[in-house]
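A short worksheet on the structure shown next.
As the structure is a computational prediction, the values presented were derived from the model and not from experiment. Every number for a ligand or one of its atoms is a count from 1 in the order of the listing.
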Amino acid sequence: MTTGDQHGLLIVGASLAGLRAAQALRERGFTGPVTVVGDEPHMPYDRPPLSKRVLIDADWPPGVELPVPQGLEARWLLGQAAVGLNTAARTVTLSGNTRLSYDGLLIATGSVARPWPATRLLPAGVVTLRSRDDALALRAGLASAERLVVIGAGFLGGEIAASARERGLDVVLVETAAQPLERAIGAIAGAYVAALHREAGITVRTGTAVEDFLAGSNGHLAGVRLSDGTTVQADLAVLALGGVPATGWLAGSGVAHDGGVHCDPCLRVLRADGSVVPGVVAAGDVARVPQPLADGEPLALGHWANAVEQGAAAAETLLAEQGHGGPPAPFTAVPSFWSDLHSARIRSVGLPPPRTTRGSWSTTWPAGDWRSATTVRVGW
Ligand SMILES: Cc1cc2nc3c(=O)[nH]c(=O)nc-3n(C[C@H](O)[C@H](O)[C@H](O)COP(=O)(O)OP(=O)(O)OC[C@H]3O[C@@H](n4cnc5c(N)ncnc54)[C@H](O)[C@@H]3O)c2cc1C
């Protein structure tokens, strides 16, 4: 085992929340060493375009890479996964067996695509989308496929279906709920989204589950069997079943991490007994944070704005823990997200019922001639 050469602040996860945290550390005057560890070989990039323009355009679209400000002066350790955390010794172990010491640690490891809960191997041609490399592989698959099945009509599934349809593929979108996005934006807006998909020529099969994937004699996907007994022919399928917080590397560390890294309202990381782990904070998709709009219920939110805002807020808490600045402040930003489907942009601000117990929630989408907007508002 080799030992890393410097202490300072360590960020694990070299993506949106991690980059935003590093920026915030510098913006707030921290001049000590900052190290960012990422298991992908790439500098930070934005994920939202991966299900949209990246799947449609022949060339890599501009603006996918996240700008790294000049003068950030961070040490980037890319292509190296964190595999262990020792909170007593304040060290993180990397896949190459390097051990890094830290004064303060920010966990921003995001999510991974939820896998198919199968016990046997899936045929070739059944894929997921989370990373840049996944997007390039899916784009190559779309170039040669004719019939696509997307399993899960959430944001990701809906956007993948829309992009594939724009490329001219036959697309079937399978969803167990009664409407796409029902849990995220409610039944009324969900029905509108279903109509959008159908207008674009996508077959939407709601209230339906996938029971099995059928392989041809070459071992490649040939079709998908549905819970209503029908079979849909397909040469490509995407599992869009949501994300699972990337917490495997925290096993045995004492950090509470079921359903996401447990945090207090100031984004400080907690043990299973609810006590704070000194010098460790978390941000972004991986963090499970008490949500003021849901009576303090801890929620992990997989939204872009949440990662940006929590990255900065967690950096401030980390600095406060190190004796810089004032006392840590609770994270109270209102959740929000957008999704681009066909020519519509769906926006949601607040938490949809039944989760929310306070405040208001609104979803906006274009309607009619696409120039006016329809808004559902629910207030308490
Ligand atoms: C295809 C796609 C489209 C999206 N579109 C939208 C949208 O339209 N609107 C919206 O609001 N949100 C959207 N999102 C969600 C948004 O991109 C995420 O909320 C955001 O990326 C979260 O940022 P993060 O930094 O917390 O996590 P991530 O972006 O997941 O980054 C975590 C990083 O940590 C790395 N990592 C994981 N484990 C380790 C480890 N052990 N050691 C080192 N590194 C590790 C990961 O490889 C990754 O690089 C989309 C997401 C995807 C995947």
Please report the shortest heavy-atom distance between [X] and [Y], naming the atom on each side.
X	Y	value
Ala283	Ala314	CB-CB, 3.9 Å
Val149	Ala234	CG2-CB, 3.6 Å
Arg198	Val204	NH2-O, 3.1 Å
Leu221	Gly125	CD2-O, 3.9 Å
Phe213	Val224	CD2-CG2, 3.9 Å
Ala17	Ala108	CB-CB, 4.0 Å

Salt bridge present between [X] and [Y] (N-O < 4.0 angstrom):
X	Y	value
Arg130	Asp285	yes
Glu316	Arg28	yes
Asp57	Arg139	no
Arg147	Asp170	no

Run the side chain to side chain donor-acceptor pair (under 3.5 Å) test on Ser339 and Glu159 for me, step by step, so that the C-alpha distance in whole Å, both residues' side-chain angles and the decisive distance to 0.1 Å come before the verdict. CA-CA 8 Å; Ser339 178; Glu159 290 183 353; 2.8 Å; yes
Distance-only N or O hit between ligand 1 and [X], under 3.5 Å:
X	answer
Ser339	no
Ser51	no
Ala17	yes
Ala305	no
Glu40	yes
Trp304	yes

To the nearest 0.5 Å, atom OG of Ser163 lies from atom CG of Leu138 at 9.0 Å
Looking only at protein heavy atoms, identify the closest one to [atom] and say how far it is in Å.
atom	answer
atom 41 (N) of ligand 1	Ala82 O, 3.0 Å
atom 46 (C) of ligand 1	Asp39 OD1, 3.4 Å
atom 1 (C) of ligand 1	Leu156 CD1, 3.3 Å
atom 37 (C) of ligand 1	Thr109 O, 3.2 Å
atom 28 (P) of ligand 1	Arg47 NE, 3.5 Å
atom 4 (C) of ligand 1	Pro48 CA, 3.5 Å
atom 7 (C) of ligand 1	Trp338 O, 3.4 Å
atom 26 (O) of ligand 1	Asp285 N, 2.9 Å

Taking only heavy atoms of [X], which atoms of ligand 1 are found under 4.0 Å from at least one of them?
X	result
Gly284	26 (O)
Lys52	5 (N), 6 (C), 7 (C), 8 (O)
Phe337	11 (O)
Gly302	15 (C), 19 (O)
Leu16	23 (O), 25 (O)
Ser111	30 (O)
Glu159	8 (O)
Gly38	43 (C), 44 (N)

Within the 4.0 Å heavy-atom cut-off, what Ala108 brings close to ligand 1 is backbone
Filtering Ala307, Gly13, Pro41 for the heavy atom nearest atom 23 (O) of ligand 1 leaves Ala307
(Q) Any non-hydrogen side-chain atom of Phe155 less than 4.5 Å from a side-chain atom of Ile346? (A) no
Worksheet item: Contact between Gln310 and ligand 1, counting heavy atoms under 4.0 Å?
Response: no
Subject >> Within 6.0 Å of CD in Gln233, more than 12 heavy atoms from elsewhere >> reply: no
Given the ring of Trp60, does Arg132 sit roughly above its face, with NZ or CZ under 6.0 Å from the centre of the six-membered ring and within 45° of the axis? yes
